[in-house]
Amino acid sequence: MPHPRVAVVTDSTAALPPGLAQDVGLHVVPLDVSIDGAWYAEGVDVSPEQLLHALERGAKVTTSQPPPSAFAAAYERAAAAGAHEIVSVHLSGDMSGTVRSARTASTVSPVPVRVVDSRTAALGLGFAALAAAQHARTPLDDGPQEPPDDGLGGAVRRWVTRTVHRAGPAPVWPDAAQVAQVAEAAAESARVWFLVDSLEHLRRGGRLGAGAAALGTVLGLRPILSVQDGRLVVCEKVRTRKAARDRLEQLALAELAGRPAARLAVHHVGPADAAEEVAAHLALAVGVRTADVLVADAGAVLAAHVGPGLLAVVVADV
């Protein structure tokens, strides 16, 4: 079968399990993580477990977006593999300079690149990239159809169709504009809620204001965070972690109730026990198998910004 015309590129903050990204031909460019001054590529040189250990021992951890050269190399590989166009879908531009690096690299790509700012994070981004990659690999139609049986004329036309297309009808693939539209719609549909043990990591990284961080440290409240218009904000304040976890489930179920079909994921940093428990509760409540709820590590970069104990729920349109 001929190669799809569009390749899809994303970054490692999409937090997609490697096998899932590979299954749909998704190209993933890693962000960089620094641990005590030594730089590593997320998902390549450092695992979430190693990053968690570094945080627990008090190491100085910072992150950086990929340089434009990393995206340029990914675009060149995609073009060499047969892509005529590329759609590059990334972490919200208000949270990272990743989308700017992608846009810079797009100017030197051997094929046209459409860069999409997802305005979301984690599997909110991951589901958008996944939807785009799946759409890029789905033919819009099966090529020329056989003429109807309307006597001798129809028989002649059917013979011509079979002769000309003996190797099989050539599929018509989506173009970059269509694939980008799917990515944008999926990203816009995504809702992401976070619960963390401490807001100090987010405050130090500039992702959350000092006032919001004080809710968890001074007032003893557990803020539930969400991504709104590309930024991380406090959406609710809950007294205990148990109550906050219950509230995460309630938020997800309320969102799912208004959708005919949806993708659902639960993130964790560190042991997956709590995430698996939340996934089981959600699956039971909506009548699906627990295996249908994706439980995924949030990745090293997100772990660096939120610290240990993250629990997050993501809902997006299929």
Side-chain angles (χ1 to χ4, degrees), residues 7-18 21 26-35 39-46 48 51 61-78 86-109 112-133 176 179-180 183-184 186-188 190 192 194 201-202 204-208 225 227-233 267 269 296-306 310 312 314 316:
V8 180
V9 175
T10 190
D11 61 76
S12 56
T13 65
L16 286 164
L26 190 56
H27 303 255
V28 180
V29 177
L31 270 72
D32 295 324
V33 180
S34 171
I35 301 175
W39 286 94
Y40 306 91
E42 179 180 25
V44 179
D45 306 319
V46 63
L51 194 284
V61 178
T62 59
T63 66
S64 177
Q65 70 266 18
S69 59
F71 285 111
Y75 300 157
E76 288 174 4
R77 288 193 296 271
I86 295 169
V87 172
S88 205
V89 191
H90 299 292
L91 174 64
S92 172
D94 283 337
M95 297 185 189
S96 167
T98 300
V99 78
R100 291 193 297 274
S101 284
R103 285 179 177 139
T104 299
S106 72
T107 64
V108 297
S109 171
V113 179
R114 284 179 178 257
V115 178
V116 175
D117 183 345
S118 74
R119 309 295 292 161
T120 187
L123 271 164
L125 161 63
F127 284 151
L130 182 65
V179 173
E184 289 163 354
E188 186 176 353
V192 186
F194 298 94
H201 294 280
L202 286 165
R204 285 194 308 227
R207 266 70 180 182
L208 198 65
L225 311 173
V227 180
Q228 295 180 13
D229 193 27
R231 299 174 182 271
L232 200 60
V233 300
H267 278 301
V269 169
D297 199 297
V301 167
L302 192 54
H305 291 296
V306 303
L310 168 79
V314 182

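Glu42 meets the side-chain hydrogen bond (donor to acceptor under 3.5 Å, both in side chains) test with Ser12; sequence neighbours excluded. Listed by chain and number, the residues in a side-chain hydrogen bond (donor to acceptor under 3.5 Å, both in side chains) with Ser88 are Tyr75, His90 (sequence neighbours excluded).
Note that OG of Ser118 is 11.5 Å distant from CD of Glu188, once rounded to the nearest 0.5 Å. With rounding to the nearest 0.5 Å, the separation of CG in Leu225 from CZ in Phe194 is 7.5 Å. Of the inter-residue distances, the one linking Leu302 atom CG with Leu31 atom CG reads 11.0 Å to the nearest 0.5 angstrom. The CG atom of Leu125 sits 4.0 Å away from atom OG1 of Thr10, with the distance rounded to the nearest 0.5 Å.
Of the charged side-chain nitrogens involved, none lies within less than 4.0 Å of a carboxylate oxygen, so that Arg231 and Asp229 do not count as a salt-bridged pair.
Taking all atoms of both residues into account, the shortest heavy-atom contact from Gly124 to Val314 is N-CG1, 3.6 Å. Scanning all heavy atoms of the two residues, the minimum distance from Val99 to Gly93 falls at CG1-CA, 3.8 Å. Of all the heavy atoms in Ala298 and Ala15, the pair that sits closest is O-CB, 3.8 Å. Among all heavy-atom pairs drawn from Ala296 and Leu123, the shortest one is CB-CD1, 3.9 Å. Between Asp32 and Ala41, the closest heavy-atom pair is OD1-CA, 4.1 Å. Heavy-atom minimum distance, Ala304 versus Leu51: N-CD1, 3.7 Å.
Under 3.5 Å, the side chains of Thr13 and Asp11 contain a donor-acceptor pair of N or O atoms.
The side-chain heavy atoms of Leu232 and His305, taken from C-beta on, include no pair separated by under 4.5 Å. Considering only heavy atoms from C-beta on, Ile86 stays 4.5 Å or farther from Ser106 through its side chain. The shortest distance between side-chain heavy atoms of Val301 and Val33 falls below 4.5 Å. Contact check for Val46 versus Trp39: no side-chain heavy atoms found under the 4.5 Å cut-off. Contact annotation: the side chain of Leu16 never approaches that of Val28 to less than 4.5 Å [non-hydrogen atoms, C-beta and beyond]. At a threshold of 4.5 Å between non-hydrogen side-chain atoms, the residues Pro66 and Thr98 count as touching. Looking at Ser92 and Asp117, their side chains come closer than 4.5 Å, going by heavy atoms from C-beta outward.
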Checklist entry - Does the pair Arg119 and Val227 meet the rule for a side-chain contact (heavy atoms from CB on, under 4.5 Å), with working shown? => result CA-CA 8 Å; Arg119 309 295 292 161; Val227 180; over 6 Å; no
